[in-house]
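Naming convention: chains lettered A, B, ... in sequence-line order (proteins, then strands); numbering from 1 in each chain. Values reported hereafter were calculated over all heavy atoms of this structure, with side chains retained and with hydrogens, waters and symmetry mates removed.
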2 protein chains.
Amino acid sequence: MEVPLRHHRSDVVEHAIAVLDSYGLADLTMRRLAAELDVRPSALYHHFANKQTLLAAVADELLTRGLRPLDAGEWDARLTQAASQLRDALLAWRDGAELVATVHAFGLGGQAAYDHVAQALEGSGLDEQWRATAARTVLHLVFGHATAEQTQVQASSAGAIDAEPGGVDDFADGLSLVVAGIRAEVQSRHTP
Amino acid sequence: MEVPLRHHRSDVVEHAIAVLDSYGLADLTMRRLAAELDVRPSALYHHFANKQTLLAAVADELLTRGLRPLDAGEWDARLTQAASQLRDALLAWRDGAELVATVHAFGLGGQAAYDHVAQALEGSGLDEQWRATAARTVLHLVFGHATAEQTQVQASSAGAIDAEPGGVDDFADGLSLVVAGIRAEVQSRHTP
DNA sequence: ACCTGAACACCGTTCAAGT
DNA sequence: ACCTGAACACCGTTCAAGT
């Protein structure tokens with residue numbers, strides 16, 4: 001008789017990332033992950049209450065791996081860096097953007113994404129209300145843009161229409177638009 | 001023996017909207033929809049090649065029902081109206097935002113959403129490239145914000161954290177930020 | 001603490017055949 | 001043109017029981 005393998009929570013998350021990156025979010029199933037770990041599906045429920053909780057842990061791990069401290073400097077340069085870094089973190093793994101965006105939307109995880117962007121806005125002089133609004137706006141841009149980029153890959157390889165041109169330049173331009181809008185709000189405080 | 005019911009494509013879409021609004025996107029399954037139509041699941045594949053195509057048709061129908069011609073006026077007022085109208089259209093049905101955003105991301109439908117926003121930017125004086133970037137930025141804001149609002153409902157009723165405050169005011173503020181950013185770009189052309 | 005075995009209640013999709 | 005019947009290859013989750 002074979003002795004059953006024994007894993008920790010971190011093993012499960014690590015293998016989940018491998019499955020995500022190799023097969024995509026749609027194929028990151030509890031059963032497939034269990035098979036990859038050489039374990040029955042029910043064993044996963046010892047580590048996580050359900051699939052959503054597991055996905056939240058995976059999303060948090062992706063962010064932990066991808067986000068670094070921001071450079072010192074003006075708030076706008078820091079905000080641009082935060083957004084670009086977040087985008088890179090999401091694009092680093094297959095379907096990373098969709099995963100983190102979904103988890104964040106459900107309020108189960110991905111808080112680090114918001115925090116990262118919000119941190120850059122602390123030196124802007126905006127009040128907390130406006131900082132939160134600005135942070136969410138940037139977050140929606142990054143999530144939306146990165147998700148579109150990654151989805152386009154599988155959509156066009158599946159024969160669908162390639163609508164969104166996107167790419168690095170379009171992201172940078174969209175971001176500069178939002179940053180300019182925030183700057184206008186910042187300046188309206190200093191020049192009444 | 002019972003004579004089988006006979007439906008058209010439009011019947012299927014109409015019932016799909018009813019199922020979506022009553023039970024949510026997760027419960028909008030081919031089997032459930034078939035049961036609602038009093039038909040075997042396989043019958044649906046006479047009308048649609050697969051589930052994704054059906055969802056695309058549903059998304060397009062939601063937009064057709066919710067979007068109206070924009071008022072005449074300045075580009076910024078028209079853009080604000082287009083974005084608000086789109087948001088209202090998405091929020092009018094349960095999980096409408098997530099559905100349209102997903103369909104749009106996969107390039108299978110929801111083109112009307114982009115067109116609606118892009119139309120408002122035609123009178124801005126921006127070149128096509130910038131108009132496209134601005135339109136996508138607004139679209140990501142609307143999709144992200146509306147999805148967050150609708151997801152928060154089921155997430156908080158399911159016991160998750162209520163992170164995003166959101167609501168009408170936060171959307172209006174985020175939109176005003178983006179509009180201000182676009183205005184800065186517009187003005188940089190006229191005042192060199 | 002971590003896992004198996006077995007079950008429950010589901011999915012999307014295909015395809016030959018019926019009217 | 002539109003549908004049935006029957007199957008295939010999957011899902012997430014629960015729970016008693018094993019070590």
Side chain to side chain contact (heavy atoms under 4.5 Å, CB included) with B:E122: which residues, sequence neighbours excluded?
-> B:Q119, B:R131
Any residue meeting side chain to side chain contact (heavy atoms under 4.5 Å, CB included) with A:A82, in chain and number order, not counting sequence neighbours = A:L70, A:H116, A:A120
Qualifying salt bridge (Lys or Arg N to Asp or Glu O under 4.0 Å) pairs with a residue from residues 84-96 of chain A, counting only residues at least two apart or across chains = A:R87-A:E149
Within residues 33-49 of chain B, those residues having any heavy atom closer than 4.0 Å to DNA chain D are B:V39, B:R40, B:S42, B:A43, B:H46, B:H47
Write down the distance between NE2 (A:H8) and C1' (C:dC2), rounded to a whole number of angstrom.
-> 10 Å
According to the salt bridge (Lys or Arg N to Asp or Glu O under 4.0 Å) rule, which pairs have a member within residues 10-36 of chain A, sequence neighbours left out?
-> none
Side chain to side chain donor-acceptor pair (under 3.5 Å) filter on A:S22, not counting sequence neighbours, yields none
Starting at the 5' end of DNA chain C, what dot-bracket string do you get if Watson-Crick and G-U pairs under 3.5 Å are bracketed, crossing pairs use [ ], other-strand pairs use | and unpaired bases use dots?
-> ||.|||||...|||||.||
Excluding sequence neighbours, so at least two apart, what forms side chain to side chain donor-acceptor pair (under 3.5 Å) with B:R65?
-> B:E61
What distance do A:L108 atom CG and A:L55 atom CG have between them, rounded to the nearest 0.5 Å?
-> 9.0 Å
Please list, pair by pair, any protein nitrogen or oxygen found under 3.5 Å from a nitrogen or oxygen in nucleotides 7-11 of chain D.
{"from": "D:dC11", "atom 1": "OP1", "to": "A:T29", "atom 2": "OG1", "distance (Å)": "3.2"}
{"from": "D:dC11", "atom 1": "N4", "to": "A:R31", "atom 2": "NH2", "distance (Å)": "3.4"}

Of A:V39, A:L44, A:I17, the residue whose pairing with A:V12 passes side chain to side chain contact (heavy atoms under 4.5 Å, CB included) = A:L44
For D:dC10 versus C:dA9, give the span between their P atoms, rounded off to a whole number of Å.
-> 22 Å
Please list all pairs passing the salt bridge (Lys or Arg N to Asp or Glu O under 4.0 Å) test where one or both residues lie in residues 176-188 of chain A, with sequence neighbours left out.
-> A:D76-A:R183, A:E185-A:R189
For DNA chain D, which residues in residues 10-21 of chain B have a heavy atom at a distance below 4.0 Å?
-> none
Side chain to side chain contact (heavy atoms under 4.5 Å, CB included) partners of B:D71, counting only residues at least two apart | B:Q81
Please confirm whether A:F143 and B:H140 have ring centers closer than 6.0 angstrom.
-> no
Do the non-hydrogen side-chain atoms of A:D169 and B:T133 ever get within less than 4.5 Å of each other?
-> no
Smallest separation among heavy atoms of A:R78 and A:G73, with atom names | CD-O, 3.3 Å
